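As structure tokens, the structure follows; a few thoughts come after it.
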Amino acid sequence: MLLYYADEFGALTSGYWWWVIPPGLLVAFVAVVFILTAMASEPVVNPRLRYG
């Protein structure tokens, strides 16, 4: 919602970059964490990737 309202009211063009950059970076960070977690857990949960 914060990013939506920042875009709706033109935060970047008004100079309020802190309404866009930190939430955007946090969204990207959370996405990377989920991707890395999925990649790390894939050998454990996928039986075709197990050694043996």
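Everything numeric in this text was worked out from a predicted model, so none of it was measured. Just so you know, these numbers use all the heavy atoms, side chains as well, and skip hydrogens, waters and symmetry mates.
- Trp17 approaches Pro22 most closely through the heavy-atom pair O-CD, 4.0 Å.
- Of the listed residues (Val33, Val32, Leu25), just one forms a side-chain contact (heavy atoms from CB on, under 4.5 Å) with Phe29, and that residue is Val33.
- Between Leu3 and Gly24 the shortest heavy-atom distance is CD2-N, 4.0 Å.
- For the atom pair Leu26 CG and Ile21 CD1, the distance stands at 11.5 Å (nearest 0.5 Å).
- Here the straight-line distance linking atom OG1 of Thr13 with atom CG of Asp7 works out to 9.5 Å at 0.5 Å rounding.
- Rounding to the nearest 0.5 Å gives a distance of 12.5 Å between OH of Tyr16 and CZ of Phe9.
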